[in-house]
Structure formats: C-alpha cells, structure tokens
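Indexing begins at 1, ligand by ligand and atom by atom, following the structure's order.
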Amino acid sequence: MDHAITAKPKTSLLLIFLVVLTWLLSVPVPTPALANGLAGTPPMGWNSWNQVRCHDLTEDVVRRAADALADTGLRDAGYEYVVVDDCWQAATRAADGSLQPDPKRFPHGIADLADYVHSRGLLFGIYAVPGSRTCAMANDAYPASGIGSLGHERQDAETFDRWGVDYLKYDWCYADTVDGLDRKAAFEKMRDELAALPRPIVYAISEYGVSSPWTWARPVANLWRTTDDLFATWDSVLATIDRQAAVAVHSGSPGGWNDPDMLQVGNGTLTADESRAHFSVWAVLNAPLFAGTDPAKLSGTDLATLGNAEAITVDQDFAGSQGRRLAAGPGYQVWGKPLSDGGFAVVLLNTGSTTATVSAVIPGAWNVRDLWAHRDVGTAVSASLRPHAAALLKLTPR
Ligand code: GLA
C-alpha cells in the first residue's frame with residue numbers, strides 16, 4: 001500500500017493526520033468469488049453463541065430471538081439470518097447416521113424451528129464442523145461424540161437442505177490436530193456438497209485466520225473468519241481491530257467477506273461508547289453483522305447502536321475496498337473507506353484513557369455528517385471523543 005500519512009500532533013489532545021489516498025489505487029484484483037450468488041452484501045443476523053454460549057441454548061431462546069428481531073425493527077434494518085450455533089446437537093447421531101437435535105432442548109426439532117423462523121420473515125442458519133469434534137466438545141465439555149461432519153458431509157448437507165437451512169457456519173475447531181484434515185480441502189468438500197443442493201445456503205467458514213483464508217477462501221466460502229473469537233471486553237475488541245489492519249488489503253467483494261467475528265454489542269463489560277466504537281469499525285470493514293445478545297432485552301442505547309440505519313448503510317456499501325487503517329498512534333486510530341456514491345466513510349477512534357480530539361485531513365473538500373449524532377457537522381473531519389469512543393463520519397464531496 002502506498003499510504004502517505006503525516007501526523008502533526010498540535011497538543012497531546014489534538015492529532016492531525018494528512019492521508020493521501022493513493023492506496024485506493026492499490027486494490028488487488030480478487031480471485032473470483034464463490035459462484036453461489038449469495039451474500040452480495042455482508043450478511044446480517046443474530047447468532048446464539050455470544051448470547052447463551054453452549055449449555056443454555058434452547059429452541060425457545062431461538063424463537064424469542066426471532067420474535068424480538070421482528071418486533072424491535074432489527075429484522076427490517078437488515079438482520080435476517082437467525083443462526084443456531086454449537087450445542088444444538090444430540091449426544092450422538094441417529095441410527096441412520098444423520099444428525100439430530102438434542103431432544104430436551106429442541107423438542108420440536110430443527111425443521112419446526114426453521115419453519116418458525118421463516119414464518120417471522122427471517123432466514124435460518126445452523127452450525128457444523130468438518131472434523132469429528134465440535135469446539136464445544138473440547139471447550140465447553142459438551143457431552144457428545146461423532147457429531148462432526150467428517151465422513152458425513154453429503155448426508156449432513158442433505159439434512160440441512162431438508163430442514164430448511166439457509167446459512168451454514170462451518171467451524172474448524174481441531175480438525176487438523178484431531179483428524180489430520182487440511183483446511184482448504186475440508187472446506188471445499190462441504191462447499192461442493194452445498195453446491196449440489198437445490199437450496200441456496202450461505203457458506204460461512206471459520207478457522208480463526210490461522211492459514212490466512214483471505215488469500216484462498218474467496219472461491220470457497222461467502223465469508224471467512226479473520227481472527228480468533230471476539231470477547232465482550234474492550235481489550236478483545238481493540239486487539240481484534242488491530243489484527244484487521246493487515247488483512248484489509250485482501251478485502252472481499254460481493255459474495256466473499258472478511259469476518260472479524262460476531263458482534264458483542266450489549267454484552268460483557270462493553271460500555272455504550274465501546275459498543276459504538278466496535279460497531280463503527282465493523283461498519284467500515286464491511287463486516288458481517290451478527291448480533292450476539294438477547295434482542296428482547298437490549299437497552300435503548302444498544303438497540304440504537306445495532307439499529308443505526310446510517311451505520312448499516314456504510315457496512316452494506318462496498319465500493320471496491322473494505323475499510324483500511326489510515327493512521328494509528330498512541331491513543332488514536334483512523335479508519336476509512338470509499339463509498340459508492342463518491343463519498344468516504346471515516347472512523348475516528350480514541351483508544352486512549354482520556355478525552356481527546358481526533359482529526360483527519362482527507363484530501364478533497366467535504367461536507368461531514370456524524371452518523372451517531374445523525375446530523376451534519378460542517379466540513380472538518382474531527383471529533384472530541386471520550387475514552388474508547390469513536391466517531392463514524394460520512395464525507396460527501398462539496
Ligand atoms: C468456536 C467459534 C465460535 C463458536 C464456538 C462454538 O470457538 O469461533 O464462534 O462457534 O466455536 O463451540
């Protein structure tokens with residue numbers, strides 16, 4: 001990348017960056033994306049994992065999430081996939097070798113649950129693994145055996161098709177160390193089984209960025225995790241943001257997306273400012289947006305964060321490059337990306353522990369809109385920010 005950036009701090013609280021956008025000319029030509037015609041924009045929805053993790057997952061949790069997405073307006077804001085993560089499975093496969101749900105926590109079965117989700121105007125997703133063990137079997141002492149898809153790929157794909165699954169999260173877990181599998185080959189195997197089905201199924205793969213999937217996964221999957229699990233703490237959010245900087249140049253394009261992991265807005269120790277900062281960066285990254293908290297119990301502030309239509313528009317707008325980190329130093333980061341209407345989206349992020357003004361000079365003459373305040377704020381790309389707060393700005397040519 002040919003970033004030319006000069007930083008001229010006037011005081012410790014005022015940082016000015018000059019960003020020359022020659023990097024826009026350095027977008028690599030991407031290999032063709034997976035030709036399944038899905039995930040034209042970064043997929044959005046809700047996933048059970050960050051809300052209930054493993055043992056508390058039930059069909060009622062999923063039904064309530066679907067209801068709340070519809071009732072809160074989040075569905076209409078774009079959150080369309082309701083994804084059941086790990087721990088939906090019974091302890092063993094059925095006699096015919098097919099996967100089956102835990103009968104106590106999913107007494108009505110998965111097809112019934114998918115029907116319900118569909119009846120609420122939403123789409124349905126599920127979790128599986130290419131090896132023999134799911135992650136929760138290793139990490140959460142989930143008492144099961146043989147529920148991985150290894151050796152059952154076609155059967156599982158057909159089961160998902162029959163159940164009405166619209167989205168598959170296929171998670172590596174320990175398939176190299178436990179089963180001796182190769183990542184690319186194993187993910188391609190399920191890709192091919194899904195491609196043979198009548199039903200269109202978004203294919204989300206997850207191997208935590210270990211084998212740099214951004215370099216090989218575009219023809220394989222619709223989205224690929226770039227990093228390890230995101231936790232609901234500011235340290236985890238910031239560490240994850242830092243790790244996106246190196247992969248952003250390999251950004252996907254319609255049909256193939258870098259995935260920095262599901263949202264933790266509303267969870268753990270994240271403050272409202274930290275949640276907005278997290279969401280702001282995910283938006284300029286064109287990240288898949290999966291809420292991971294109980295949508296029925298969101299505070300008004302967190303609902304406004306997840307439901308911010310102007311921020312979601314930035315996330316869903318891919319104009320040739322996902323957001324890149326334009327500048328970073330002690331206490332600040334600046335991220336930005338072009339928008340398809342000729343504008344530019346900028347995140348000014350205060351990573352320090354005191355209130356600070358973070359400013360950027362982006363070549364060109366711009367009108368600036370603050371997408372959290374929902375108002376036009378003049379022509380300066382600048383904001384006074386509390387610790388761990390971010391401004392998400394839309395720049396429109398003057
Ligand atoms: C891994 C994934 C998580 C979740 C769990 C389930 O840790 O990265 O997102 O799916 O497995 O066990």
* **Qualifying ring-ring contact (aromatic ring centres under 6.0 Å, His included) pairs with a residue from residues 371-398, counting only residues at least two apart or across chains** => Trp234-His388
* To do: Kindly tell me which protein residues have any non-hydrogen atom under 4.0 angstrom away from an atom of ligand 1, grouped by chain and ordered by number?
  => Trp49, Asp85, Asp86, Tyr127, Cys135, Ala136, Lys169, Asp171, Tyr208, Arg225, Asp229, Met262
* Counting heavy atoms not belonging to Arg63, are there more than 12 under 6.0 Å from its CZ? ->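 Correct, the count exceeds 12.
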* Can the ring centroids of Phe187 and Trp172 be said to lie less than 6.0 angstrom from one another? ->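 So the answer is yes for these two rings.
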* To do: Please check if the distance between the ring centroids of Phe318 and Trp257 is under 6.0 Å.
  =>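 Yes; Trp257 has its ring centre under 6.0 Å from that of Phe318.
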* All side-chain hydrogen bond (donor to acceptor under 3.5 Å, both in side chains) counterparts of Lys297, not counting sequence neighbours -> none
* Mind checking what makes ring pair (Phe, Tyr, Trp, His ring centres under 6.0 Å) contact with Phe290, not counting sequence neighbours? -> Tyr167
